[in-house]
Amino acid sequence: MKNSLKILLLGGVLWGFVACEKKEIVLVDESPTSEEAPTYTPDSPMWRKLSSPTNYSFNEGIVKTETENLYTCVMGRPDTTNDHLAVDNRSRIDMMGNIDAQTVITGTYSPEGNYWNFRTVAGLPRYSPMLLGPFAQFGRTEVEYYSLFGGGYTTNENYPNGVNYYTDFWQQTDFNQSGDIVGKGILTGFMANNAGYFIENNAGKQMWYINNARIYYKRKPFTGSYLGKFAMASAEVNKKEFGFMLLESENEKIKTKEFYQYDADNDTWIKKADFPGEDRFEGVMFGVDDKIYYGLGQSKTQPKGFRDIWQYDPVTDKWANFATYPGSGNIKVSTAKVSGKTYIGFGYYIGTTKINTEKYIGVSDFWEFVPTRKQ
């Protein structure tokens, strides 16, 4: 019996030794990885993919390129010299945005050569700024163009309530005759007939006018509701430019649909046809010639973004589902216009996590949009 016990014990030890020898240790890399947003193929000749901002670095004779993700960005035109030619030419697009919470990026895009020149510097990013322009100042022998950058906010735990709203130099009393100061906060605006119009995104809904001499005046506050954000753009109607505004709401119970046209001569807003698309917020609005376009954005009820773009015709007062954006961004997408072509890109892609919540991925793809090419 003792010998049998010894044999059983010895066998158990040997079996345990063999089992330990065969067991493999699997190492799992749980370090965070950079997730990529999905890419899409254009479904229309209206779209053409362009170069994204790219960093070049040199190491031991090897050139390394790295595309920058512009999480928030504004773009605008510094000049209108060649718009009447309706072709890409020597005009350019200026851009200002941020890569991350410590890096600001500024640059210039050339439509003619399809390339970027930009630089990055350390600094706090500015969220939701406004770039208004270009304004044209006519001299005796030449025309000077400029744009105004301002508003928006930055975040830091040392600020009161964690937020600091910017007030830029052109918002001060030096540039107006009434002593009024533009309020701190998010500003939304549009250009029409060489003048700028913008509104404070708050319950006061104060409207402002600024001329090409940088002198601005208060206009009547918007009499409608403030639902969270104003989206603005301008379009030509009977050879005159008019501003348009959509009231965006983040509230599931209040649909983003109310749409207005601004009558600058009488300083009044005229109610127009409601936006008929699926309910959303943080969409993008821009004008091309005699039409207004609005789309993209984020769903209020599901963790997803939209890619549809709707067209509004001021003459017929009707909306139509017009295009599908081939870019990856859904919100914070930026636009600029050169010679009848719209340049659009950047922002955030909105996806779904494993627990059915939103995830945001910064993107840097950049596109040309020409509505007249639609087939």
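The basis for the numbers below is simple: all heavy atoms, side chains too, and nothing from hydrogens, waters or symmetry mates. Each residue takes its place number in the sequence, starting with 1.
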Look only at the side chain of E248 and the backbone of G283, and say whether a donor-acceptor pair between them is shorter than 3.5 Å. yes
How long is the straight-line distance from CG of N193 back to CG of N211, given to the nearest 0.5 Å? 13.0 Å
By salt bridge (Lys or Arg N to Asp or Glu O under 4.0 Å), K271 pairs with (sequence neighbours left out) D274
Counting N and O atoms only, with roles assigned by atom type, does the side chain of R280 sit under 3.5 Å from a partner on the main chain of L296, one being a donor and the other an acceptor? yes
For the side chain of R126 and the backbone of G151, is there at least one donor-acceptor N/O pair under 3.5 Å apart? yes
Please examine the side chains of K332 and Y127, heavy atoms only from C-beta on, and report whether any two atoms are closer than 4.5 Å. no
Contacts of Y159 that satisfy ring-ring contact (aromatic ring centres under 6.0 Å, His included) - sequence neighbours left out: none
Check whether Y40 forms a cation-pi arrangement with R307 (NZ or CZ under 6.0 Å from the six-membered ring centre, at most 45° off the ring normal). yes
Under the ring-ring contact (aromatic ring centres under 6.0 Å, His included) rule, collect the residues that match up with F281, sequence neighbours excluded. none
So if you build clusters from Ile, Leu, Val, Met, Phe, Trp, Tyr with side-chain heavy-atom gaps below 4.5 Å, do Y166 and L187 land together? no
Do the non-hydrogen side-chain atoms of S110 and Y115 ever get within less than 4.5 Å of each other? yes
Is the closest side-chain heavy-atom distance between R373 and E368 below 4.5 Å? yes
What distance do D308 atom CG and Y325 atom OH have between them, rounded to the nearest 0.5 Å? 13.0 Å
To check you understand the geometry: which heavy-atom pair defines the closest contact between P111 and Y343, and what is its length? CB-OH, 3.5 Å
What residues join Y312 in its hydrophobic cluster, counting side-chain heavy atom gaps under 4.5 Å, either direct or through other members? V237, F242, F244, L246, F259, F275, M285, I292, Y294, W310, W319
Where do T39 and D365 land on the side-chain contact (heavy atoms from CB on, under 4.5 Å) test, with the steps shown first? CA-CA 9 Å; T39 58; D365 53 329; over 6 Å; no
Under 3.5 Å donor-acceptor, S249 side chain and N251 backbone: yes
Criterion side-chain contact (heavy atoms from CB on, under 4.5 Å) on Y360 and I350, from CA distance to verdict: CA-CA 5 Å; Y360 299 88; I350 300 175; 3.8 Å; yes
Does the side-chain contact (heavy atoms from CB on, under 4.5 Å) test come out yes or no for L247 and F230, once each step is laid out? CA-CA 5 Å; L247 276 56; F230 298 115; 4.1 Å; yes
Going hydrophobic residue to hydrophobic residue with side-chain gaps under 4.5 angstrom, can you get from F306 over to I309? no
Heavy-atom pair with the smallest gap, counting every atom of A336 and I93: CB-CG2, 3.8 Å
Any sub-3.5 Å donor-acceptor pair from Y165's side-chain atoms to I186's backbone N or O? no
Do you know the tightest heavy-atom contact between S234 and F190? CB-CD1, 4.0 Å
Using modelled atom types and a 3.5 Å cut-off, is there a donor and acceptor pairing between side-chain atoms of Q311 and backbone atoms of A320? no
Correct closest heavy-atom pair for F135 and G196 would be CE2-N, 3.5 Å
Evaluate whether atom CG of D43 has more than 12 neighbouring non-hydrogen atoms of other residues, nucleotides or ligands under 6.0 angstrom away. yes
I'd like to know whether L50 forms a side-chain contact (heavy atoms from CB on, under 4.5 Å) with R48, so could you lay out the CA-CA distance, the side-chain angles of the two residues, the decisive distance to 0.1 Å, and finally the verdict. CA-CA 6 Å; L50 304 171; R48 182 168 72 99; 3.5 Å; yes
Value for CE (M207) from OG1 (T188), rounded to nearest 0.5 Å, stands at 10.0 Å
Would you kindly say whether E358 and Y348 are connected by a side-chain donor-acceptor distance under 3.5 Å? no
Can you check salt bridge (Lys or Arg N to Asp or Glu O under 4.0 Å) on E250 and K229, steps first, answer last? CA-CA 9 Å; E250 295 186 24; K229 183 182 177 184; over 6 Å; no
Go through the structure and list residues passing salt bridge (Lys or Arg N to Asp or Glu O under 4.0 Å) with E236, not counting sequence neighbours. none
F369 ring center within less than 6.0 Å of W47 ring center: yes
Could you list all the salt bridge (Lys or Arg N to Asp or Glu O under 4.0 Å) pairs where at least one residue sits in residues 310-322, not counting sequence neighbours? none
Test item: K49 side-chain N/O and P326 main-chain N/O as donor-acceptor pair under 3.5 Å: no
One should read off an interatomic distance between Q302 CD and E278 CD, to the nearest 0.5 angstrom, of 7.0 Å
Please say yes or no: joined through hydrophobic side-chain contacts below 4.5 Å, possibly via intermediate residues, are Y262 and Y217 part of one cluster? yes
Please check: side-chain N/O of Y216 versus main-chain N/O of K218, any donor-acceptor pairing under 3.5 Å? no
Salt bridge (charged side-chain N to carboxylate O under 4.0 Å, His left out) with D279: which of K253, K300, K257? K300
Measuring only between side-chain heavy atoms, which start at C-beta, is N330 closer than 4.5 Å to Q298? no
Please tell me whether Y293 and V370 are part of a single hydrophobic cluster in this structure, the criterion being side-chain heavy atoms less than 4.5 Å apart. no
Rounded at 0.5 Å granularity, tell me how far CE in M245 sits from CE in M232. 4.5 Å
Closest heavy-atom contact between S51 and W116? O-NE1, 2.9 Å
Please check this pair: side chain of T352 against backbone of P303, looking for a donor-acceptor N/O pair closer than 3.5 Å. yes
Nearest heavy-atom pair of R219 and Q206: which atoms, and what distance? O-NE2, 2.5 Å
Gap separating the CG atom of L131 from the CE atom of M95, nearest 0.5 angstrom: 11.5 Å
Side chain D263, main chain T268, donor-acceptor under 3.5 Å: no
Can you get from W208 to L148 by hopping between Ile, Leu, Val, Met, Phe, Trp and Tyr side chains that sit under 4.5 Å apart? yes
Please tell me whether Y109 and N114 have a donor and an acceptor in their side chains that are separated by less than 3.5 angstrom. yes
